[in-house]
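Read the structure below first, then the notes.
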Amino acid sequence: MFRRIGSLAAIAVALVAPPVAGQDGSYDILLTNDDGIESPGLQTLAAELERIGRVHVVAPCGQQSGSSMSVALRNRLELRPVVSDGRELGHCVDTTPAGAVLLAITTLAPEGGFDLVVSGINQGANVGAASHMSGTIGAAMMAAFHGVPAVAASLQGSDFGYPSRFVATFIETMRAEGPAPGLVLSINFPTGSEEETAGVEVAPMGGMHFSLGFDDGSPGEDGRIFAPRLERVATGPAGSDTEAFLDGMITITPLLFDWTATAAMETLRGWGLTHELGGR
């Protein structure tokens with residue numbers, strides 16, 4: 001287990017203290033996830049990212065999977081440094097992944113802001129429509145909302161070594177090419193093995209690699225009990241990230257914060273809508 005130490009004031013000073021981002025050639029990376037700060041996916045990735053820039057870890061204290069982009073605004077948050085086996089893991093906060101990113105970007109960023117937000121590596125894939133429910137994607141979307149480039153990484157498995165090296169190499173390329181503010185680049189790994197990976201595919205979001213639902217169970221004390229059901233599927237829509245992922249490919253999907261269905265706007269304007277109900 002980990003232990004938490006220190007005060008919020010001391011942590012804030014420590015995190016804000018580094019020099020202005022970019023002035024000394026630095027590259028400030030905010031790292032978070034939705035599996036909790038102790039998760040091996042986050043810690044393995046943090047070690048790889050340290051060769052690229054200065055890594056600031058601000059993550060939920062515990063499991064927050066499926067939280068999407070939700071944030072908790074009713075309670076005050078305490079940010080705490082976390083130490084495990086004498087090693088500093090970063091800082092945790094009892095909130096959602098998106099909430100952790102919101103806190104870090106608005107109050108704890110170095111002068112000049114973070115250069116990049118990385119979310120992951122999540123244990124469990126986030127291809128296709130699963131992205132809408134993902135706390136990993138939600139954290140990256142919070143960065144996009146604030147105009148910070150973001151990468152979200154997820155793995156169907158538990159061997160994070162190769163995926164972490166891939167993500168670090170990808171970020172080096174992205175940095176050289178010029179990352180796009182407001183864009184989330186979602187990377188999904190079908191396996192943690194380079195040898196078992198079929199290749200890399202840039203593909204649009206589509207389908208689901210599992211189906212969700214509930215099974216009607218036994219009667220409860222005051223009602224009926226329903227048990228969650230998750231079933232894997234064999235394939236996805238042609239050309240989608242789900243299809244490529246199920247074929248053993250690393251998938252990379254660019255995602256936007258704006259969900260507007262632009263083509264539908266003109267259709268709606270043609271309905272002749274008015275605020276006047278005419279006595280209805």
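What you see is a predicted model, and the numbers here were worked out from it, not measured in a lab.
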Checklist entry - Between Cys61 and Arg80, does a side chain to side chain contact (heavy atoms under 4.5 Å, CB included) hold up when you go through it step by step? => result CA-CA 9 Å; Cys61 294; Arg80 302 183 287 267; 3.5 Å; yes
Checklist entry - Are Leu45 and Val167 close enough, and set up right, to give a side chain to side chain contact (heavy atoms under 4.5 Å, CB included), and what steps lead you there? => result CA-CA 8 Å; Leu45 182 56; Val167 171; 3.8 Å; yes
Checklist entry - When you look at Leu89 and Arg87, which way does the side chain to side chain contact (heavy atoms under 4.5 Å, CB included) test go after all the steps? => result CA-CA 6 Å; Leu89 302 184; Arg87 184 171 64 91; 3.3 Å; yes
Checklist entry - Checking side chain to side chain contact (heavy atoms under 4.5 Å, CB included) for the pair Met174/Leu116: CA distance, chi angles, key distance, verdict? => result CA-CA 10 Å; Met174 184 184 71; Leu116 177 70; 3.4 Å; yes
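What you find for Ala144 and Val184 is that their closest heavy atoms are CB-CG2, 3.9 Å. Considering every non-hydrogen atom in both Leu256 and Gly182, the closest pair reads CD2-O, 4.2 Å. Nearest heavy-atom pair across Phe189 and Ala153 is CE1-CB, 4.5 Å. Here the closest non-hydrogen pair linking Asp241 and Gly206 is OD1-N, 3.0 Å. Closest of all the heavy-atom pairs between Ile121 and Ser164 is CD1-OG, 3.4 Å. Nearest heavy-atom pair across Ser68 and Ala98 is O-CB, 4.5 Å.
The closest donor-acceptor contact from the side chain of Thr44 to the backbone of Gly41 lies at 3.5 Å or more, if one exists at all. For Ser154 (side chain) and Asn188 (main-chain N/O), no donor-acceptor pair under 3.5 Å exists by modelled atom type. Not a single donor-acceptor pair under 3.5 Å links the side chain of Asp115 to the backbone N or O of Ile29. Formation of a donor-acceptor pair under 3.5 Å by the Arg54 side chain with backbone atoms of Tyr27 is not found in this model. Counting only distance, with no hydrogens or angles, the side chain of Gln43 and the backbone of Ile37 share a donor-acceptor pair below 3.5 Å.
The OG1 atom of Thr251 lies 12.0 Å from the CE atom of Met205; values are rounded to the nearest 0.5 Å. Rounding to the nearest 0.5 Å places OG1 of Thr253 at 9.5 Å from CD of Glu201. With rounding to the nearest 0.5 angstrom, the OG1 atom of Thr136 is 6.0 Å from the CG atom of Asp35. To the nearest 0.5 angstrom, Met142 atom CE is 14.0 Å from Ile137 atom CD1. The CG atom of Leu108 lies 7.5 Å from the OG1 atom of Thr106; values are rounded to the nearest 0.5 Å. The CZ atom of Phe145 lies 10.0 Å from the CD1 atom of Ile105; values are rounded to the nearest 0.5 Å.
Met249 and Val202 fall into different hydrophobic clusters, where Ile, Leu, Val, Met, Phe, Trp and Tyr residues are linked whenever their side-chain heavy atoms come under 4.5 Å apart, directly or through other members. Under a hydrophobic clustering in which Ile, Leu, Val, Met, Phe, Trp and Tyr are joined whenever their side-chain heavy atoms come within less than 4.5 Å, directly or via other members, Val93 and Leu73 fall into the same cluster. Both Val117 and Leu103 are members of a single hydrophobic cluster when ILVMFWY side chains are connected at heavy-atom separations under 4.5 Å.
Considering only residues two or more places apart in sequence or on other chains, Glu50 meets the salt bridge (charged side-chain N to carboxylate O under 4.0 Å, His left out) condition with none of them. Qualifying side-chain contact (heavy atoms from CB on, under 4.5 Å) partners for Thr242, counting only residues two or more places apart in sequence or in other chains: Val127, His209, Ser240, Leu246.
Side-chain contact between Thr197 and Phe166: absent, with no pair of heavy atoms (C-beta onward) separated by less than 4.5 Å. Taking 4.5 Å as the limit, every side-chain heavy atom of Pro163 sits out of range of all side-chain heavy atoms of Thr191. Side-chain atoms of Ser26 and Asp28, non-hydrogen and from C-beta on, do get closer than 4.5 Å to each other. Side-chain contact between Tyr162 and Glu196 is absent, with no heavy atoms from C-beta onward closer than 4.5 Å. Contact annotation: the side chain of Leu102 approaches that of His146 to within less than 4.5 Å [non-hydrogen atoms, C-beta and beyond].
Of the candidates Val57, Val82, Leu79, Leu79 is the only one forming a side-chain contact (heavy atoms from CB on, under 4.5 Å) with His91.
Checked by atom type, the side-chain pair Asn126/Ser134 shows a donor-acceptor distance below 3.5 Å.
A salt bridge between Arg175 and Glu172 is absent, with no side-chain N of the basic residue lying under 4.0 Å from a carboxylate O of the acidic one.
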